[in-house]
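Just so you know, these numbers use all the heavy atoms, side chains as well, and skip hydrogens, waters and symmetry mates. Residue numbering restarts at 1 for every chain, and letters A, B, ... go by the order of the sequence lines.
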Amino acid sequence: MQQQSEAPAGKQRERRQFLNRLTILLGSIGAAVVAIPSIAFLLGLRRTPQIWRAVGKVSDFEIGSTTNVSFQDSSPLPWAGVTAQTAAWLRRVDDRNFIAFSTNCTHLGCPIRWLAEANLFMCPCHGGVFYSDGSVASGPPPKPLRRYTVRVNNDEVEILTSPVPIG
Amino acid sequence: MRIFKRVWNWFDDITGISAVLGPLLKHPVPRARKSAWFYVLGSATLISFFLQIVTGIALASGYVPSSGQAYDTLLFITGTDIGRIVRGMHAFGASAMVILIGLHTIRVYLMGAYKYPRQMNWLTGAGLLLLTLLMAFTGQLLRWDQTGFWSVVIAAEQAGRTPVIGQWLARFIMAGDTVGGATLSRFFAAHVFFIPALIFLFVAFHLYLVVHNGISEPPQAGRPVDPKKYRSWYQALLARDGQPFWPDAAWRDAAFGLLVIVVVAVLAIVIGPPELGPPPDPTIVEASPRPEWYLLWYYAVLSLIPKWSEDWVIILGPAIFGAVLILLPLAAGKGERSPIRRPWSFVIVAFTVFMIAYYGAVGHIAPWSPRMESPPLPAQVVGATTGPVAEGARVFHYKGCLYCHLISGYGGIRGPDLTYAGDILTPAQMTTRIYSGGTNMPSYTGNLTSEELSALIAFLSSRHRQPVFPLPLPRKQ
């Protein structure tokens, strides 16, 4: 004890400077140990696989018709409830060919509706209109309607689940 | 009473609380005289925040933050008498908090109270304004009805327009590739833990600064702030003419705060909470999502700006708003505080309030939205039940024309009013417009049979200012 208190002032200052840095370092390591897994969990977004989902038999859809179909996301969480569903507008072009349109307007993502007798898609938010092939007819949408990949497999119409189209 | 006093004295002796809190509560504040009631807005915002915490905790005890069940728990909460009132208080409390923080910001801006030495008071307050709006948005979303569901999609789409990180941001908002099980939990955690924790931090810092710098005195024209002399001048003012915050000023805060709480409670009981929409089922495509009133003006602005400017406004609009709030106290941190010497401040406040009110009202009407629920035109409007005119009226409805065009008060208002179409356009002009379409009208080429077209023309040509005669009337061009 005697020795320490008689230590030169310069040494004492050096020691305090070291302790100062050590304390900050220890605190930072502690904070990082807590923060890294927490932030990683928050940012660790689930990538869901893309799988084919059947939406009906080929004969369920008339040629030239556009129908509202829905299918389940590829790997929904058990508590997702109704939000595990996705809707699409399915157009039967001819005998074997289908187009599946995303229901999201390309303007801001509002759900578009098919007006069967008018042969148009219309968005209730800002009045974007699309023709039956998904191209823009009028209003604010910058791009044609996005499409899901669709195929006919053993007389079943199948849609490939996909992320919500963004941008 | 004696026993309470003894308990308090014992408690105070071993905690020393009155020695710490006493001077804090009784810190001197300048006399505000005529403008004293303007100084209650900040504390009223804080009181409405506490109201939100208490009612929010109550609601959280009955709410299941699961994408599949939240809606059902809201139905349950709203179905009970007391749950309905608590939900109503939380909803009106949110509106109160948004209004009060807005008024408080206006008060501080007009009185120039953001100038030296209170720049950091303003900056923390600007942070609180932003956090309050985030709470309002995430809160509406937690209702998790159809509008709540689509709010996530629309927020993700807007975030998706950000250059470079847009895709990532959108996925982050949805907590995955689609809106699903993980989405609502994320917004619940943000609304209930993360954002309120930030608000607590900011409020603590804000209040510390209020005490440290002292509450601003009412401004006076011709008494500019000089950073070199202000603090000593302010201390002299307090010594000369100060009064203890508690209770000389605090009673007004208590009185106004109580008024806020009573108004919120009465509205909650009389009007009740906002109605729940249909369930958050993405397969129900009959949805017309609308934001709450505090964001309705922004929705209107986004709807009315030219198409080419959209990306810029969505990204730069909020960024510029934030930059102005940050730069204001840094760029104008000294000089005249009185609004009389800063006449532009009145213009800016009046302009901002007018824009929010005007565009909020426009957003409420949403003239750009087609009225997709419009029923067919009634016979007394059509003026015929058979023949080409009646047939044309049917075509006008089922081809979607009526959703955007008004006929005698029926239909939408997105496109021109066609009540007197027969007075304005010749059949040839009508045909051209129907076939060619326009910026906001689809072309109907290949989408109308010749019978449908002639019926439509017959119907539109029969729309006159005068009673309908089967005679060709002179037409205005």
Side-chain angles (χ1 to χ4, degrees), chain A residues 42-43 45-48 50 68-71 73-87 89 103-120 122-132 136-142 161-167, chain B residues 66-69 71 149-150 153-154 156-161 166-167 170-172 174-184 186 279-290 302-303 307 310 366 368-370 372 398-401 403-404 412 414 437-444 447:
Chain A
L42 194 63
L43 300 185
L45 307 175
R46 252 161 49 101
R47 282 266 178 211
T48 39
Q50 288 194 295
N68 188 9
V69 295
S70 58
F71 53 91
D73 295 343
S74 57
S75 136
L77 294 166
W79 55 90
V82 284
T83 63
Q85 299 289 319
T86 296
W89 289 107
T103 54
N104 298 111
C105 180
T106 54
H107 178 221
L108 288 176
C110 288
I112 49 148
R113 295 183 220 175
W114 171 247
L115 310 178
E117 288 168 303
N119 232 4
L120 297 167
M122 196 181 256
C123 177
C125 287
H126 302 100
V129 184
F130 302 86
Y131 293 118
S132 57
V136 178
S138 67
T161 61
S162 312
V164 170
I166 298 289
Chain B
S66 121
S67 293
Q69 288 165 316
Y71 181 75
F149 176 91
W150 287 105
V153 177
I154 293 165
E157 290 281 350
Q158 293 197 21
R161 299 208 181 190
Q167 294 282 337
R171 285 193 75 231
F172 181 73
M174 293 189 290
D177 293 328
T178 57
V179 177
T183 313
L184 186 66
R186 165 149 311 201
D281 183 345
T283 66
I284 304 174
V285 288
E286 285 78 25
S288 302
R290 292 274 182 282
L302 284 188
S303 308
K307 205 163 133 178
E310 252 171 22
W368 52 82
S369 293
M372 300 185 69
Y398 73 67
K399 286 291 178 188
C401 316
Y403 300 163
C404 295
R414 180 170 170 79
T439 316
N440 287 320
M441 173 171 160
S443 150
Y444 277 83
N447 203 351

Report task. Check whether any side-chain heavy atom of Glu117(A) lies under 4.5 Å from a side-chain heavy atom of Lys399(B), and answer yes or no. Result -> no
Query raised in the report: Which atoms of Asp281(B) come close to chain A, meaning under 4.5 Å heavy atom to heavy atom: side chain ones, backbone ones, both, or neither?
Result: both
Query raised in the report: Taking all non-hydrogen atoms of both residues, which atom of Ser67(B) and which atom of Thr83(A) are closest, and how far apart?
Result: CB-OG1, 3.5 Å
Query raised in the report: Any sub-3.5 Å donor-acceptor pair from Trp79(A)'s side-chain atoms to Ser66(B)'s backbone N or O?
Result: no
Report summary line: Honestly, the part of Thr439(B) sitting under 4.5 Å from a heavy atom of chain A is backbone
Report summary line: If one checks every heavy atom of Thr103(A) against chain B at 4.5 Å, the contacting part turns out to be side chain
Query - Trp89(A) versus chain B, the contacting section by heavy-atom distance below 4.5 Å - result: side chain
Query raised in the report: Given that the side chain runs from C-beta out, which part of Glu286(B) has a heavy atom under 4.5 Å from chain A: side chain, backbone, both or neither?
Result: both
Requested in this report: For each of Ala287(B), Gly176(B), Pro279(B), tally heavy-atom pairs with chain A at distances under 4.5 Å, and name the one with the top tally.
Outcome: Ala287(B)
Report summary line: Note: vs chain B, highest number of non-hydrogen pairs under 4.5 angstrom among Thr161(A), Val136(A), Thr86(A), Asp73(A) is Asp73(A)
Report task. Identify which part of Ala366(B) has an atom lying under 4.5 Å from any heavy atom of chain A, answering side chain, backbone, both or neither. Result -> neither
Query - Separation of Met372(B) CE from Arg113(A) CZ (nearest 0.5 Å) - result: 4.5 Å
Query - Closest approach of Gly400(B) to Ala118(A) (non-hydrogen atoms, all atoms of both residues) - result: N-CB, 4.2 Å
Query raised in the report: Looking only at heavy atoms, which two atoms of Gly160(B) and Ile166(A) are closest? And how far apart?
Result: CA-CG2, 3.5 Å
**Report entry** Interchain contact, Ile112(A) with chain B, by part (heavy-atom threshold 4.5 Å)
**Finding:** backbone
Report summary line: Closest heavy-atom pair, Pro124(A) versus Ser288(B), reported as atoms and distance to 0.1 Å, is CB-OG, 3.6 Å
Report task. Go through the steps for His107(A) and Glu157(B) under the test side-chain hydrogen bond (donor to acceptor under 3.5 Å, both in side chains), then give the verdict. Result -> CA-CA 8 Å; His107(A) 178 221; Glu157(B) 290 281 350; over 6 Å; no
Requested in this report: Find the one option among Leu184(B), Val153(B), Asn440(B), Val179(B) whose heavy-atom pairs under 4.5 Å with chain A are most numerous.
Outcome: Asn440(B)
Query raised in the report: Among Gly81(A), Ala80(A), Ala137(A), Pro111(A), who wins on heavy-atom pairs under 4.5 Å with chain B?
Result: Pro111(A)
Query raised in the report: In Å and rounded to the nearest 0.5 Å, what is the CG to CG distance from Leu108(A) to Leu302(B)?
Result: 6.5 Å
Query raised in the report: Pick from Leu120(A), Val69(A), Asn68(A), Asn104(A): which one has the most heavy-atom pairs with chain B under 4.5 Å?
Result: Leu120(A)
Query - Heavy-atom contact with chain B under 4.5 Å, split by part of Thr106(A) - result: backbone
Query raised in the report: Do Tyr131(A) and Ser443(B) have side-chain heavy atoms sitting under 4.5 Å apart?
Result: yes
Requested in this report: Ignoring hydrogens and angles, tell me if any N or O in the side chain of Thr178(B) forms a donor-acceptor pair with the backbone of Pro163(A) under 3.5 Å.
Outcome: no
Query raised in the report: Out of Met174(B), Arg290(B), Gln69(B), which one racks up the most heavy-atom pairs below 4.5 Å with chain A?
Result: Met174(B)
Query raised in the report: Do you know the tightest heavy-atom contact between Arg414(B) and Pro140(A)?
Result: NH2-CD, 4.0 Å
Report task. Kindly say whether Leu42(A) contributes a backbone atom to a donor-acceptor pair with the side chain of Arg186(B) at under 3.5 angstrom? Result -> yes
Report summary line: Under 4.5 Å to a heavy atom of chain B? For Pro78(A) that would be neither
Query raised in the report: Between Arg171(B), Gln158(B), Gln167(B), Arg161(B), which shows the greatest number of heavy-atom pairs under 4.5 Å with chain A?
Result: Arg171(B)
Query raised in the report: Checking Asp177(B) side chain against Val164(A) main chain: does a donor-acceptor pair fall under 3.5 Å?
Result: no
Requested in this report: Please identify each residue that fulfils ring pair (Phe, Tyr, Trp, His ring centres under 6.0 Å) with Tyr398(B), with sequence neighbours left out.
Outcome: none
Report summary line: Ranking Pro142(A), Pro165(A), Gly139(A), Ala87(A) by heavy-atom pairs under 4.5 Å to chain B gives rank one to Gly139(A)
Query raised in the report: Of all residues at least two apart in sequence or in a different chain, which pass the ring pair (Phe, Tyr, Trp, His ring centres under 6.0 Å) check with Tyr444(B)?
Result: none
Report task. Return the option, out of Tyr71(B), Tyr403(B), Phe149(B), with the maximum number of heavy-atom pairs under 4.5 Å with chain A. Result -> Tyr403(B)
